[in-house]
Amino acid sequence: MDTAEKIIIFCFLLEGVCCRDFNIYLPEKIKALSGYSVIIKCRFEIKEQFDKDLTERATGVWYKDRAYLNTNVVFNSSTSSQKSSMKGKITGKLKDKDCTTVFYDLRSNHSGQYFFRIEGEGKLKHIYKQANVSIDVIESPPKPRVQLYVEQKEVQGQEEVLEVLERSSVSLRCSAETLCSSPPPTLTWSSSPRIPLSESSRLQELISDLNFTATHREHGVTFTCTITYQLQDKIKTEQDSITLHVQYSPKNTTVSVLPSSSVLEGSSVTLICSSDANPAVNYTWSRESEGQLKQLQTGDTLTFNRTDPTHRGWYHCTAQNQHGSQNSSVMLDIQYFPQISVSSSCSRTDVTVCFCEADGNPSPELEWRLSGRPVTNSSNTFISEERLSSTVLRSSITLHQSLTNTSTLQCLSRNTRGTASYLFHLPSSVERLNHFSLLIGVVVVGLVVIWLLSAITCICVRKGNGKLSQTTQEGTKRIDQSTSEVAPHENQDDPVYVMMSSAEATANQDSVIYSPIVFTKSESQEFGSLALLDYAVMQDCSEGLLKTESSIGEFSRAREAQVIVSANVRTKEAEEELFEDSSQIYAKVKRCNP
């Protein structure tokens, strides 16, 4: 029930207490769409004395712009509509004082003011000049209006962009100005993108409501209300729109990695964080370290220009605005080819036991090769593996078989990024010395050295004068000595071989026999360091008098070499070459001439 009808009913109720007169109740203004019909709601009143004249045969007449002029009559219910300038029909019952009228197919020239006249039997003839209705014929439908209500309160915004909080109760109301047309227009809702919404509509009043709870999915969505008029093959529409801006906390936070989350060591990698939020978020990067998060930097990207294995780990991105925060994580996997630990080594007791440790990403595989051939578990060989971490693998091998001096053992490691190998040189079974044998050898050598230092004093004394003599290249130098004499050497013609330093040998180069002490790499893996070398120089004089010099000299570390002594007589020409060879130490025996 619209406002005009309420006023009309109120006036009729008022008639019960007031004297009746000629009155009419019309809407002041009506908008009508060109080509469509219009409905004019109308009620009238007459004086009591004319009630008997108001019968079923009563006639209603409409004048346009001016009353009393028959030339201005546009409609008469007593004549056929073809004789009227406007096609229409009085749908109300005049006997019941209802003058509601429908005019069809309005045109722009039908715009104007309209007056009503009632004609009954007898003397009932009256034009209601005190009131009229103004009809405005428009070419397009009136534009509807969309209003936003949040928590049942209207929200006013600028430029039709309104902010609401997520989880708020939202109502959109579309209203259109009433047009008395037939068929009546319709109001419809659309949104882009289309989403399911509850709808309640009252089309008779041209009002339609949409009610929903705001979520982030409605952010940026435009809601459009359209009014549609349809007449035969003609459709006319008008619409109004509103765009919602929903404020919400970060959602769908993700981390992407370019070029990939698994990259080769030394390459560049960029981590990118993105999130859906309104308003925009701030990004913070952190990394897991010993069970805790260590903050790195801010911004939506994190770049490593040159990666190394220390960059491997979990990285976290936190997106935050005033409505909340959300995290996303990614595992950065730095891949590299295997590297075999320098601690890989072999040991020997009754059997040979070697271990090999390799670090690589992806996790490497280990393979043993003996003298170039792959080795597997057998009665003579036992292989075991232990994974120390996700990137480190340790393998041990036990060899029971005899080995030759050319035997080699190789540890081979590989993954999808590359390979690495480590070569062990194994001495033959005959050449190996166990720890007990090495200990005995050290003790024996120590006793011999002590015996040489204390018992063999090479003192050469000429018979009859009790003087000491030492022969050199320049001649014989005599030294008084009264406290030390020894018996002559039993075999004065046999040379005596002793160890000495290369420096000592250089100082005494006449009548010299050299015995090299050779240090080889192959034996160095079996022996420990030899820090000190005891040496002595002995002269054998023809007259049986002996003079002995002894001392202890420091021998530099010889890379854990085995000492092999062999007696060789060197010529004068070979001396210079031998003395230049710092890897050898020479034994020297000098024979004295009479």
Side-chain angles (χ1 to χ4, degrees), residues 1-3 141-179 184-228 237-256 272-286 293 298-300 316-329:
M1 183 179 296
D2 59 16
T3 304
K143 185 177 180 179
R145 180 189 177 197
V146 178
Q147 296 168 281
L148 170 65
Y149 294 85
V150 177
E151 305 297 342
Q152 300 181 350
K153 294 182 180 180
E154 185 176 0
V155 178
Q156 301 291 339
Q158 297 178 352
E159 299 180 358
E160 304 303 324
V161 178
L162 304 174
E163 296 279 351
V164 299
L165 292 178
E166 188 178 23
R167 294 183 293 276
S168 297
S169 176
V170 174
S171 178
L172 296 177
R173 168 164 291 186
C174 179
S175 59
E177 201 176 323
T178 301
L179 292 182
T186 59
L187 290 175
T188 57
W189 284 97
S190 63
S191 59
S192 179
R194 184 75 179 180
I195 58 175
L197 297 170
S198 61
E199 180 176 345
S200 122
S201 60
R202 290 170 285 171
L203 297 179
Q204 69 273 18
E205 297 182 9
L206 295 178
I207 294 176
S208 181
D209 294 329
L210 291 178
N211 303 300
F212 57 93
T213 300
T215 69
H216 67 281
R217 289 184 293 273
E218 282 81 58
H219 175 59
V221 173
T222 299
F223 295 87
T224 302
C225 176
T226 303
I227 185 170
T228 303
T237 62
E238 195 63 51
Q239 56 188 211
D240 188 25
S241 299
I242 191 171
T243 301
L244 284 186
H245 278 199
V246 181
Q247 293 195 4
Y248 55 96
S249 61
K251 302 181 185 302
N252 304 320
T253 303
T254 57
V255 176
S256 57
I272 304 172
C273 191
S274 62
S275 183
D276 177 19
N278 183 40
V281 300
N282 295 319
Y283 296 101
T284 303
W285 291 95
S286 56
L293 292 180
T298 59
D300 59 347
H316 302 267
C317 170
T318 300
Q320 186 173 17
N321 65 9
Q322 64 262 42
H323 301 299
S325 63
Q326 190 178 46
N327 297 327
S328 183
S329 305

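Values reported hereafter were calculated over all heavy atoms of this structure, with side chains retained and with hydrogens, waters and symmetry mates removed. The first residue in the sequence is number 1, and the count goes up from there. Keep in mind it's a predicted model, so treat the numbers as computed, not measured.
Closest of all the heavy-atom pairs between P250 and A319 is CG-O, 3.4 Å. In terms of heavy atoms, A176 sits closest to L187 at CB-CD2, 4.2 Å. A pairwise comparison of heavy atoms in L172 and F212 identifies CD1-CE2, 4.1 Å as the closest pair.
In this structure, the side chains of Q239 and K143 stay at 4.5 Å or more apart for every pair of heavy atoms. For the pair R173/C225, no side-chain contact is recorded, criterion being any heavy-atom separation below 4.5 Å from C-beta on. No side-chain heavy atom of V255 sits under 4.5 Å from any side-chain heavy atom of Y283. Looking only at side-chain heavy atoms (C-beta outward), Q326 and S249 stay at 4.5 Å or farther from each other. Looking at heavy atoms from C-beta onward, T215 lies out of side-chain contact with V246 at the 4.5 angstrom threshold. Two residues are said to be in side-chain contact when any heavy atoms from C-beta on lie closer than 4.5 Å; N278 and E166 fail this criterion. Put simply, the side chain of T253 does not reach to within 4.5 Å of the side chain of V281, judged on heavy atoms. For the pair L206/P185, a side-chain contact is recorded, criterion being any heavy-atom separation below 4.5 Å from C-beta on.
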TODO: Start with the C-alpha gap between V221 and L244, add the side-chain angles, then the distance that decides, and say whether side chain to side chain contact (heavy atoms under 4.5 Å, CB included) holds.
DONE: CA-CA 6 Å; V221 173; L244 284 186; 5.7 Å; no

- [ ] Run the numbers on Q247 and N321 for side chain to side chain contact (heavy atoms under 4.5 Å, CB included), then give the verdict.
- [x] CA-CA 10 Å; Q247 293 195 4; N321 65 9; over 6 Å; no

Task: T224/T226 under side chain to side chain contact (heavy atoms under 4.5 Å, CB included): CA gap, chis, key distance, verdict - done: CA-CA 6 Å; T224 302; T226 303; 4.0 Å; yes

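Put simply, CG on D209 and CH2 on W189 are 8.0 Å apart, with the number rounded to the nearest 0.5 Å. With rounding to the nearest 0.5 angstrom, the NE2 atom of H219 is 10.5 Å from the OG1 atom of T243. Between the CG atom in D300 and the CH2 atom in W285 there is a gap of 8.0 Å [rounded to 0.5 Å]. Going from atom CG of L210 over to atom CD1 of I242 covers 11.0 Å, rounded to the nearest 0.5 Å. If you take OG on S175 and CD1 on I207, they are separated by 6.0 Å, rounding to the nearest 0.5 Å. Of the inter-residue distances, the one linking S171 atom OG with E154 atom CD reads 10.5 Å to the nearest 0.5 angstrom.
The aromatic rings of Y248 and H216 sit tilted, their planes meeting at an angle between 30° and 60°.
Exactly one residue among S328, S275, S274 makes a side-chain hydrogen bond (donor to acceptor under 3.5 Å, both in side chains) with T254. That residue is S274.
Under the side chain to side chain donor-acceptor pair (under 3.5 Å) criterion, H316 pairs with E288, S329, sequence neighbours left out.
A donor-acceptor pair under 3.5 Å links the side-chain atoms of E151 to the main chain of S169, judged by distance alone. D240 places a side-chain N or O within donor-acceptor distance of the main-chain N or O of V146, the cut-off being under 3.5 Å.
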